[in-house]
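A quick write-up on the structure given underneath.
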Protein chains: 2
Amino acid sequence: MHDELARFEAYLRTRGLRMTRPRETILRTFLETEGHLSADALLRETRKVDPRIGQATVFRTIHLIAEAGLAREACNDEGARTYEHLAGHPHHDHLRCSQCGRIIEFCDPEIEQRQAAIFAQFGFEPQGHMMELTGVCPECRRAMVARRSRQ
Amino acid sequence: MHDELARFEAYLRTRGLRMTRPRETILRTFLETEGHLSADALLRETRKVDPRIGQATVFRTIHLIAEAGLAREACNDEGARTYEHLAGHPHHDHLRCSQCGRIIEFCDPEIEQRQAAIFAQFGFEPQGHMMELTGVCPECRRAMVARRSRQ
DNA sequence: CTTAATGCAAACTTTTTGCACATCA
DNA sequence: TGATGTGCAAAAAGTTTGCATTAAG
């Protein structure tokens, strides 16, 4: 956590920007929350710590956090963009059912390895990744078959 | 293309829905366009064929197309959700620079293979996937180093 | 003929922006 | 002090919904 705060401050400095109270509060809150977080949810959480924080600041700050490589977009969880921090926990990816919206998280070391290779191949400094597989889950497949035969 | 139209019609039938003129026009237009397409861009393209089509219909139809497994979300290209059709061309993934927004497309057969394995493992019927790696491209890395040393 | 689909406009939601004031270095 | 940052409110952008009318099967 301290590590991330330091990285963020360092990133800000390289851009001539400042580490402020609201930015720190927002980042701390963001890091404390596991899972997908919309800007709106982050605003609500942040306001529990400091109710004066405005939503514009949250939007502006989450962009900075993502640019700094501390967050990745965790893809439209319906409606709003969501973010996920990249600290501590292993990367995981998503398997989503296009029918019922259910999301299964998984982690595949082989894929992680290939991703690292691709970053290297193109000379990129890795920051994060997101992968979402879309399909139809077993339950919905059954439901679809049932519906079809009923007609 | 005929194949996709048939698949879409079949999908609609399983849900008790109808294949209509606007839906066909929208799907045809969508399939003819390579690359990422926002709902708004799809509306404009579709209206070149049939100017009476409304945006609500495009939104409603692109959802159906995605549910039918003929499109995948190609992740927020800035601002709006974009879609990409899954017909004909090989799956490709994205490597995006978080600083300048540049996107490199690549294709990694090993990753594709692992993805297929994961669908199978969870009993999902595969429809599509999206993967986006985020990092800092070589140019921006250089720029960042230069800026840092200047200060 | 019955049910679903369409287009329009309005409503809603999410995100960005302008600006006066506060704050950091 | 001079720059950047903040909160607020307004604006913009994207998406969904209600409804009268049209079209599909």
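In what follows, chains are A, B, ... by sequence order, proteins preceding strands, each numbered from 1.
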Do any side-chain nitrogens or oxygens of A:His63 fall under 4.0 Å of OP1 or OP2 in C:dT15?
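So the side-chain polar atoms of A:His63 never come under 4.0 Å of the phosphate oxygens OP1 or OP2 of C:dT15.
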Answer yes or no: does a side-chain N or O of B:Arg15 lie under 4.0 Å from OP1 or OP2 of C:dA4?
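False: B:Arg15 side-chain N/O out of range (4.0 Å or more) of C:dA4 OP1/OP2.
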Nearest-nucleotide pick for [X], side chain only, options being [options]:
X	options	result
A:Leu17	C:dA4, C:dT15, D:dG5	D:dG5
A:Ile53	C:dA9, D:dG7, D:dT15	D:dG7
B:Ala39	C:dT16, D:dT15, C:dC8	D:dT15

Given that A:Leu64 and A:Gln55 both sit by DNA chain D, which one's nearest nucleotide is further toward the 5' end?
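Upstream on the strand: A:Leu64.
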Any salt bridge linking A:Asp3 with A:Arg7? Criterion: basic side-chain nitrogen under 4.0 Å from a carboxylate oxygen.
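Looking at A:Arg7 together with A:Asp3, the answer is no, because their closest N to O distance does not fall below 4.0 Å.
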Got a salt bridge between B:Arg28 and B:Glu24, using NZ or NE/NH1/NH2 to carboxylate O under 4.0 Å?
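Salt bridge: yes.
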Indicate, with yes or no, if A:Phe59 and A:Leu64 share a hydrophobic cluster defined by side-chain heavy-atom contacts under 4.5 Å among Ile, Leu, Val, Met, Phe, Trp and Tyr.
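Not linked; separate clusters.
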Distance, rounded to the nearest Å, where A:Leu43 contributes CG and D:dT6 contributes C1'
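So the two atoms are 13 Å apart, to the nearest Å.
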Measure from CZ on B:Arg81 to C1' on D:dT15 and round the result to the nearest Å.
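After rounding, the reported distance stands at 7 Å.
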Ignoring hydrogens and geometry beyond distance, is a side-chain donor-acceptor pair present between A:His94 and A:Glu132 at under 3.5 Å?
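No, no side-chain donor-acceptor contact under 3.5 Å.
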Scan A:Arg60 against the nucleic acid and name what it touches under 4.0 Å (heavy atoms): base, sugar-phosphate only, or nothing.
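Touches a base.
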If you count heavy atoms of other groups shown closer than 6.0 angstrom to CD of B:Gln113, is the number above 12?
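For B:Gln113, atom CD is not crowded (no more than 12 foreign heavy atoms under 6.0 Å).
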Given salt bridge (Lys or Arg N to Asp or Glu O under 4.0 Å), test A:Glu9 with A:Arg23 step by step and report yes or no.
CA-CA 10 Å; A:Glu9 189 162 2; A:Arg23 283 182 183 161; over 6 Å; no
Starting from the 5' end of DNA chain C, give me the residue, B:Arg47 or B:Leu12, whose nearest nucleotide shows up first.
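So the residue in question is B:Leu12.
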Scan nucleotides 21-25 of chain C against the protein and return all N/O pairs shorter than 3.5 Å with their distances rounded to 0.1 Å.
from   : atom 1 : to      : atom 2 : distance (Å)
C:dC24 : O2     : A:Arg18 : NH1    : 3.1

